[in-house]
Amino acid sequence: MQVIRPKSDGLSHAAALKERIVARTARVGVVGAGYIGLPLAVAQAKAGFTVVAVDQNPIRVAQLNQGSNYLRDVDDADLATVVTRGKLTATTELDRIGDFDVVIMCVPTPVTLHKDPDTAFIRKIGAEIASRLRPGRLITLESTSYPGVTEELLLPILATSGLKVGEDFFLAFSPERVDPGNARYVTVNTNKVVGGVTAACLDVASTFYGQTIDEIVPVTSPQVAELSKVFENTFRAVNIALVNEMAQLCDKMGINVWEVLDAASTKPFGMMRFNPGPGVGGHCIPLDPFYLTWKARRYDFHMRFTETAAEINLAMPWFVREKLRRTLNERGTPLKDARILQIGLAYKRDVEDWQESPALRVLHLLEDDGANVEYHDPHIPSMREEDGRLRHSVLLTPDALSRATCVLITTDHSSIDWDFVVRNARVVLDTRNATHHVEAGREKIVLI
Ligand code: SAJ
């Protein structure tokens, strides 16, 4: 049943909505209860809002409604408390979107095989919102996509409601800044950039986020907010590519790249540490540079530096395979039919996410060359690949280690006893310098 809320005492829609926001009577809907949406929903509920998480996954929805957590970055007790208090519920029903005064879009924004932005989820949920849009509503987009997506793609969809942005409804882009596994910076203490389509949109959106998040950073447009986000991650991607390129040069020169980076990092100014690895994974760093270069090409501007950096990162799994092939060859063993124990499938330390993981790409490349690969990952007991293949993590036993032709480290989880690994392995190819503290058995260790 649609609740048409009259404007309060002739107040503008913006003023009336801000009143409800400050009073915490504004009803909040978070569409997408993933690693972005769920922490935000819990934080909003803890701040006193009544929040509904809308997600297409019925299992997630059932778990949430039972107060059962599925994300390491969300505190179990926090979730249980807000659910018990009725401040957070979950649903798969998109029709519920019509009930919310504030709708926050935290939907997936992948890229296509050709590295073009895939905006299907934004368009789908935008249309679902538009068909239920009422005056006095705030819509914010948090998902990262190409600069311009809010005003060029989402706004026209919402405008099909016949309502006027900045007067009847309010639209802003506010990039998520979630660092999975980071216990220090969480939703409420990570500065929040907000860009409104109009001044009223910025005012309403800043008021909303300001009820939950310590520092709000208002900017003059959604494009500034969108570009700042993509820049942040592209900054990381290009610096990671630089150290990955250094790793390849040091490999040719027979120099330990980790020692080089340790030395360079002693510079107390003008230096920021990044580390080489098997490539870049996660939902952001592998993708975000392509949003930027895709947009730039629309201005006939080719961001060659950024494109090259993204390609260097993408190519790292092949470098790892080649390095492993040489490591085995030096010991008289071909890669074909070699037994490889790969430690770490997650895309980075101490997370359980293997989507877009370079470690999985490495595993596939090794199997393509006929190697027999088992994996161990304490955070991924089993995983089903897109082709349906089910894999299980093997126990890290002395036997599992010693029977491997080579142990390949692709994720440096903190919980693993690297001394134990080296002690029982025949040879270790370490792509993360996870074994940097290991003293005994250094002769077994090969670093990228
Ligand atoms: N990586 C390296 N070398 C490095 C740093 C990272 O190879 O020196 C790899 C990681 O192993 C991983 C990938 O790059 O595979 C991405 O790592 P990340 O540390 O950027 O972590 P994400 O993608 O989970 O989270 C990042 C956020 N992380 C940090 O700022 C530390 C941040 O960039 C964004 O807030 C977030 O993506 C996002 O959601 O946009």
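Just so you know, ligand 1 is whichever comes first in the structure, and atom 1 is the first atom listed for that ligand.
Residue, atom and distance of the protein heavy atom nearest to atom 38 (C) of ligand 1 are Cys284 SG, 3.0 Å. In terms of protein heavy-atom proximity, atom 25 (O) of ligand 1 is closest to Asp179 OD1, 3.5 Å. Nearest protein neighbour of atom 23 (O) of ligand 1, counting heavy atoms only, is Ile285 CG1, 3.7 Å. For atom 9 (C) of ligand 1, the closest non-hydrogen atom on the protein side is Val280 CG1, 4.1 Å. Counting only heavy atoms of the protein, atom 6 (C) of ligand 1 lies nearest to Ile240 CD1, 3.5 Å. If you check which protein heavy atom lies closest to atom 24 (O) of ligand 1, you get Tyr347 OH, 2.5 Å.
Under a 4.0 Å heavy-atom criterion, Lys229 is in contact with ligand 1. Under the 4.0 angstrom criterion for non-hydrogen atoms, Arg432 is in contact with ligand 1. Residue contacts with ligand 1 do not include Gly282, since none of its heavy atoms lies under 4.0 Å from the ligand.
Once rounded to the nearest 0.5 Å, the distance linking CG of Leu64 with CG of Leu38 reads 5.5 Å.
Considering backbone and side-chain atoms alike, Gly281 places an N or O below 3.5 Å from some N or O of ligand 1.
Residues Phe170 and Phe208 keep their aromatic ring centres 6.0 Å or farther apart.
A donor-acceptor pair under 3.5 Å links the side-chain atoms of Asn189 to the main chain of Arg184, judged by distance alone.
Partners of Arg442 by side-chain contact (heavy atoms from CB on, under 4.5 Å), not counting sequence neighbours, listed by chain and number: Thr435, Val438, Ile445, Leu447.
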